[in-house]
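Counting starts at 1 for both ligands and their atoms, in listed order. Being a predicted model, the structure only gives us computed values, none of them experimental. All values below come from the heavy atoms of this structure, side chains included, with hydrogens, waters and symmetry mates left out.
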Amino acid sequence: MIHLHDIRKHFGTHEVLKSVSVTIPEGQVTALIGPSGSGKSTLLRCVNLLETPDSGELTIGAETLRFTPGRHPERHAVQRIRQQTGMVFQNFQLFPHLTAIQNVMEGLVTVKRWPRERARARARELLDKVGLRDKADAWPASLSGGQQQRVAIARALAPEPQVLLCDEPTSALDPGLAAEVVAVLSDLASEGMTMLMATHDLRLASQVARQTVFLEDGAIVEAGPSQALFTQPRDARTRRFVTTLTG
Ligand SMILES: Nc1ncnc2c1ncn2[C@@H]1O[C@H](COP(=O)(O)OP(=O)(O)O)[C@@H](O)[C@H]1O
Ligand SMILES: [Mg+2]
């Protein structure tokens, strides 16, 4: 389980997250929706500590970190939290000078200090899982966006994180390629991978995510089962936003 409690984050005078509290249940997908600028990426980055919250509490599994303004959290605790998360970005962020399989192996070899052969075997399994067994030796530039994103998902899964964080994983892709990525994420969901994903993709949010959280202007307006949130939103602001997604 991942639990965020009273998380606040400022950039200068702008309060980007205003006391956000949310529980991400284990073994399920939680979608994070909201207008551009509402704080979705910042919230995801706070979960893997790419950003340090100003205050509040973050729990992932057995690890809890409390944040205090002006104080850096303890480095080892940050590493322990980070190792339990995998991140998938909108623009893939593969290493262009490494092949698909080398991208997937990289963290296992450099961070986890696995021997190359063991890392290669794990990377092969993961490429197989995302349907790219025959692209192991391809360079990122020769792959379609959908294939690159699937390599990025394999890379994020390599260290067996407790949670996969996805920041608009399909929004840089044409509909056909986005569908490949939705299919992979939906397989992972059915295997019980815990995921938190910011998305504007209605298929991801309404079909793959069991729970949806609607963020507006740095605060959670409404959260609950996706089905209910999309069909019978309680708050007028949610209703308005959901209408923009469904068109
Ligand atoms: N590193 C940063 N420095 C200053 N402002 C930032 C930074 N990152 C995000 N912001 C601001 O925080 C707000 C929320 O951004 P973001 O989390 O990216 O929203 P979303 O992902 O929902 O579009 C925006 O107003 C954005 O400009
Ligand atoms: Mg964003």
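- Counting heavy atoms under 4.0 Å from ligand 1, residue His14 touches it through the side chain alone.
- In the displayed structure, Gln227 atom CD is contacted under 6.0 Å by at most 12 heavy atoms of other residues, nucleotides or ligands.
- For ligand 1, the polar-atom distance check against Glu51 finds no nitrogen or oxygen pair separated by under 3.5 Å.
- For the residue pair His200 / Ser171, no side-chain donor-acceptor distance below 3.5 Å is found, with atom types taken as modelled.
- Looking only at atom types and distance, the side chain of Thr238 has a donor-acceptor partner in the side chain of Glu222 under 3.5 Å away.
- Smallest separation of non-hydrogen atoms from Lys40 and Ile33: CD-C, 3.8 Å.
- Of all protein heavy atoms, the one lying nearest to atom 20 (P) of ligand 1 is Gly37 N, 3.5 Å.
- The two residues Val213 and Ala223 come nearest to each other via the heavy atoms CG2-CB, 4.0 Å.
- Between Arg120 and Glu117, at least one side-chain nitrogen of the basic residue sits less than 4.0 Å from a carboxylate oxygen of the acidic one, meeting the salt-bridge criterion.
- Residue contacts with ligand 1 include Pro35, since one or more of its heavy atoms lies under 4.0 Å from the ligand.
- If you check which protein heavy atom lies closest to atom 19 (O) of ligand 1, you get Gly39 N, 3.2 Å.
- In this structure, a donor-acceptor pair under 3.5 Å is absent between the side chains of Asp137 and Thr99.
- For the atom pair CG (Leu177) and CZ (Arg150), the distance works out to 8.5 Å, reported to the nearest 0.5 Å.
- Look at Ser41 and the Mg ion (ligand 2): an N/O/S atom of the residue is under 2.8 Å from the metal.
- The closest protein non-hydrogen atom to atom 1 (N) of ligand 1 is Phe11 CE2, 3.6 Å.
- Note that atom 7 (C) of ligand 1 has protein non-hydrogen atoms nearby, at separations under 4.0 angstrom.
- Of all protein heavy atoms, the one closest to atom 18 (O) of ligand 1 is Ser41 CB, 3.7 Å.
- For Gly34, the heavy-atom gap to ligand 1 stays at 4.0 angstrom or more.
- Heavy atoms of Val16 found under 4.0 angstrom from ligand 1 belong exclusively to the side chain.
- Closest to atom 16 (P) of ligand 1 by heavy atom, among Thr42, Leu32, Leu44, is Thr42.
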